[in-house]
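A note on names: the letters A, B, ... follow the listed sequences, proteins ahead of strands, and every chain is numbered from 1. Excluded from the calculations below are hydrogen atoms, water molecules and symmetry mates; all remaining heavy atoms, backbone and side chain alike, are included.
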Amino acid sequence: MNKITTMKEAISKNLKSGDLLFLGGAQHGAPSAAVHEIVRQKIDHLTVIALLSNTNLLIAEGLLDKLLTGFTVMEEKRSYVIRRAKAMNKLPIFEEYSHFGIALALFAGYMGLPFMPTKSQIGSDMPVYNENIKSIESPFGGGQIGVVKAFVPDVGILHVQRCDAEGNAQKWGTLGVDHEGINASKKIIISTEKIVDSGVIQRDPNRTIIPGFRVSAVVEQPWGAYPVHLAGCYTDGPNVFGAMANEEAYDIYMQEAVYGVKDWNEYLANLKAKNGEDFFDKIKIQNPAMSEPVITGY
Amino acid sequence: MNKITTMKEAISKNLKSGDLLFLGGAQHGAPSAAVHEIVRQKIDHLTVIALLSNTNLLIAEGLLDKLLTGFTVMEEKRSYVIRRAKAMNKLPIFEEYSHFGIALALFAGYMGLPFMPTKSQIGSDMPVYNENIKSIESPFGGGQIGVVKAFVPDVGILHVQRCDAEGNAQKWGTLGVDHEGINASKKIIISTEKIVDSGVIQRDPNRTIIPGFRVSAVVEQPWGAYPVHLAGCYTDGPNVFGAMANEEAYDIYMQEAVYGVKDWNEYLANLKAKNGEDFFDKIKIQNPAMSEPVITGY
Amino acid sequence: MTQSKYATDYSAAEQMVVSAARQIEGNDVVYVGVGLPMQAGVLAKNLHAPNSTIVIENGIVRASIFPIPRATDNLHSQSYAEQLSGLFYVMCLAQAGYINTGFLGAGQIDRYGNCNDTAVGDYRNPIHRWQGSGGGNDVMSFCGRTIIILEQTKRRFLEKVDFNTCPGYLDGKPGRREEIGLPPNTGPAVVITDLATYCFEDGEMTLKTVHTGCGVTLEKVKAEISWDVKVADDITDTEPPTEEELNVYHEKIEAVLRSYGPRPGAAPPSAQAQGNPR
Amino acid sequence: MTQSKYATDYSAAEQMVVSAARQIEGNDVVYVGVGLPMQAGVLAKNLHAPNSTIVIENGIVRASIFPIPRATDNLHSQSYAEQLSGLFYVMCLAQAGYINTGFLGAGQIDRYGNCNDTAVGDYRNPIHRWQGSGGGNDVMSFCGRTIIILEQTKRRFLEKVDFNTCPGYLDGKPGRREEIGLPPNTGPAVVITDLATYCFEDGEMTLKTVHTGCGVTLEKVKAEISWDVKVADDITDTEPPTEEELNVYHEKIEAVLRSYGPRPGAAPPSAQAQGNPR
């Protein structure tokens with residue numbers, strides 16, 4: 001079944017106000033284009049699970065009720081984003097885990113289980129303030145063991161290097177919490193640098209991170225992770241996050257990247273127009289390494 | 001650190017009587033050469049965890065104290081192997097799980113946890129006879145949940161398509177319980193069709209199933225899974241398991257494959273001598289499919 | 001199925017596979033084990049359910065068509081799959097509720113759909129041993145609907161199985177599966193034998209159709225069940241295979257399996273006897 | 001280190017990184033976070049510990065040398081790694097005991113090595129907020145020995161941290177870590193600051209060496225600790241960086257980081273202030 005659609009449709013048809021949303025691409029290949037579209041559509045009251053993925057825009061626009069997080073800037077003295085959300089009285093609740101805790105909660109969701117055991121977090125004060133982490137008596141003896149409650153996102157969004165029209169998606173490079181997060185999600189949106197022929201997938205099926213039958217929408221979006229790096233494609237872009245430093249810079253950025261354009265492609269075209277035709281060429285990878293093909297067949 | 005050695009040394013230096021042994025290669029790429037070497041060295045009182053991997057030889061030779069299994073022939077009326085072990089008074093204890101149960105127990109070992117939760121097995125009579133499976137009250141409410149106790153193998157053996165001298169091993173095709181089993185094991189022996197340059201690994205690092213620092217020994221052993229198929233290499237060989245049908249066939253097989261040869265390569269050479277130079281060519285894959293290279297680099 | 005007229009000359013085995021294949025529809029995600037389940041899956045993919053996804057225990061998820069493998073995992077069932085991983089991944093898909101249909105064989109089955117693939121008689125001192133659960137328990141625990149395919153004899157169809165390997169509706173009381181921790185909306189849905197097909201009404205196996213086209217009578221069916229089986233109000237004749245279904249079966253299943261010759265591989269020649277599941 | 005004579009002109013920051021790098025030896029498997037920990041790891045790989053394995057949170061396991069990344073994950077730290085996976089895999093390696101050495105930063109640290117990367121003051125109404133645990137709690141919970149690197153001020157070195165993000169020896173009583181479920185033989189081993197280095201004796205932070213080569217005195221060290229710190233019997237001067245170590249540091253760390261220019265990426269410019277760990 002062909003699931004190719006536009007980012008606009010992928011978001012509007014699958015994500016709704018109040019949803020629990022997983023954003024993949026921790027530190028690598030963030031779904032930037034998708035996040036900007038969510039902001040453009042002002043889908044609000046979201047609870048977001050994201051590990052080091054950029055949630056600044058969602059917070060600054062007051063779209064988050066809650067952020068399930070292991071590491072994020074919460075200090076208003078250091079963040080215009082936080083100050084802005086607070087001024088609107090829309091600062092999200094921050095529910096804190098360790099990074100492994102986030103991974104485990106998603107892993108439980110992926111496994112279809114209500115919780116995962118762990119030895120992390122139980123040594124800290126986190127369980128005092130987060131009722132989704134606690135200690136139990138280990139069922140086969142040996143003392144105490146921690147448990148973390150499952151996350152089952154309503155919607156998961158992952159940006160990948162290649163995907164076929166049916167949604168069989170392949171990502172490589174570091175995977176952060178992509179595997180457990182996307183597999184835990186009920187509805188799945190794949191944004192991909194390139195839609196490839198199914199044969200490309202079928203000749204390397206071990207690389208498929210999520211099978212097509214689990215996927216709701218496929219969006220071809222080149223430079224979809226910009227300005228975050230993506231293995232085999234591009235390195236980090238210039239520091240657009242400076243845009244989050246104060247109101248003026250923020251407003252300019254929002255106009256350029258969200259409200260003043262109809263979609264990500266128009267934003268990309270404007271970046272080129274403004275910064276020169278070679279703007280994106282400069283961040284393309286310069287020293288590609290090609291993998292040795294693996295053989296399958298019969 | 002170069003870890004290349006012979007199968008003889010890899011087994012004798014790492015596996016000892018009484019060990020808990022994981023054998024990878026469920027239905028695909030079984031470590032046949034390694035198992036034959038264990039038999040040749042008569043390493044006994046083993047407890048083996050293997051899912052649909054061939055343990056017939058180990059049982060028939062009376063080397064197993066216990067088999068942790070989800071599916072295996074136990075009926076003596078239907079198995080010379082079982083009759084033979086019983087006649088020696090060396091029939092192993094069969095500790096039974098579902099297949100997912102075996103995977104979960106290994107997964108707990110891989111995670112460094114004492115157990116894994118699950119919804120499998122608890123609906124069956126298995127927990128009545130296996131104290132490593134039970135039900136507990138789910139810690140965040142919602143009723144009962146099953147738990148399976150961890151396996152932490154002393155030694156794990158996996159046969160792969162390619163591995164570098166340091167032990168960075170890559171396997172593709174179906175992985176059965178290979179990933180969790182080999183990662184759960186304390187000492188690891190990798191048997192590989194081919195030792196490759198580290199650059200081959202480094203240009204496709206997402207495929208590495210176990211990193212070199214975890215590996216104790218690397219053995220280059222072409223046709224190491226024969227007569228079991230291995231993706232990209234060869235299909236199933238002729239039915240040597242008929243050799244397990246009766247005493248006469250069994251004795252002939254043991255002489256040919258174990259006791260009458262010094263190692264697997266001599267056995268392979270004899271197979272060629274006996275069946276013709278093209279014996280192995282006939283089971284090589286005929287219609288190879290090459291994966292599209294993936295790009296990394298910077 | 002309506003485009004082709006019904007066959008008149010067919011075996012009970014063919015009826016079983018065809019009836020099983022018809023249980024797969026549309027975008028179903030289907031777990032198939034070795035033997036008749038695998039045949040049903042491949043047949044459906046080649047006939048009326050090309051968009052179904054086939055899931056095989058060792059880590060195979062495939063939407064594309066594939067030649068029937070000898071057992072479950074071989075280079076044909078692996079190659080050109082959309083996704084290859086391992087058993088853990090596939091079983092997590094099931095545990096999380098994403099495999100809506102499972103197919104199993106069984107050694108024994110009882111009134112409430114519980115299946116025994118373990119031991120006849122006392123577990124500690126069995127009269128006969130089967131190979132054990134394999135993935136059977138997992139599939140029956142997790143899948144939305146599980147379809148059990150087995151030969152029907154009085155010794156296999158028991159009021160209560162000697163050993164419960166794969167949980168049906170347990171003691172038949174409502175909500176018992178959920179109570180012990182099994183996922184809601186799961187369990188056996190259909191039983192297909194060489195004599196008849198069954199559904200479950202309020203957790204009890206209920207005779208639905210009789211393979212009259214193979215010369216089976218209601219009396220014969222009842223004679224091969226150890227308890228007084230419930231009969232559906234709308235009991236009817238089993239819909240026979242169509243000529244098209246049989247043609248595809250002969251071409252895509254029978255002929256391919258025959259071409260493999262004697263089975264090599266993971267188990268002694270007799271291991272797959274007794275309709276054993278995996 | 002004995003092949004090169006000691007440098008005479010160096011900063012406290014250089015001393016910190018060099019002292020930290022020396023904690024990596026032979027075949028160590030080392031978790032490194034952002035900042036000084038990453039610098040220490042890359043320095044050791046380039047100097048005396050080429051066979052160590054570096055593990056980075058986002059799924060990187062590498063035995064081969066690599067240019068220092070701007071933060072932790074970039075195309076340089078990913079490319080040509082021996083293994084790439086995700087955070088779950090890397091943390092399972094740690095939880096199962098296969099990462100023997102961990103490096104962390106910290107916002108506050110206390111007498112028993114507990115670290116605070118969360119909140120100054122009351123959690124519900126904090127005076128200051130750091131970004132939170134990140135992988136810090138996991139590393140300190142799992143690794144055989146954890147080395148903490150931070151700037152030393154009296155406000156950071158407290159008798160008891162305001163919030164325990166990464167568990168040290170908790171209340172200092174023997175066996176407390178194991179009692180609450182942490183793996184045995186784990187915990188903080190060394191603290192490295194811009195003034196001194198510390199070990200742990202019976203779970204208590206113990207002053208081991210003073211950076212006298214940077215002009216630091218024992219009095220200055222004690223003035224920047226809120227409790228009456230235990231002093232090791234064999235307290236000595238910190239071994240200064242050698243010229244070779246400094247040269248490699250300048251070439252492989254400083255110059256490379258400088259070449260990246262201002263940091264783009266995952267956080268606002270000020271986010272990495274306050275020695276925050278990840």
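Within the 4.5 Å cutoff, side-chain heavy atoms of B:Glu166 are placed close to those of B:Ser198.
Contacts of D:Phe142 with chain B are absent, with no heavy-atom separation under 4.5 Å from either backbone or side chain. Using a 4.5 Å cut-off between heavy atoms, B:Asn168 contacts chain D through its side chain alone, with no backbone atom that close. Neither the backbone nor the side chain of B:Arg207 comes within contact range of chain D; no heavy atom of the residue lies under 4.5 Å from a heavy atom of that chain.
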When you look at D:Tyr80 and D:Phe66, which way does the ring-ring contact (aromatic ring centres under 6.0 Å, His included) test go after all the steps?
CA-CA 8 Å; D:Tyr80 304 103; D:Phe66 62 105; over 10 Å; no

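D:Asp122 has no carboxylate O lying under 4.0 Å from a charged side-chain N of D:Arg124, or vice versa, which leaves the two without a salt bridge.
Note: B:Tyr110 and B:His179 have perpendicular aromatic rings, judged against thresholds of 30 and 60 degrees for the angle between ring planes.
Top candidate by heavy-atom pairs under 4.5 Å with chain D, chosen from B:Ile201, B:Asp204, B:Asn183, is B:Asn183.
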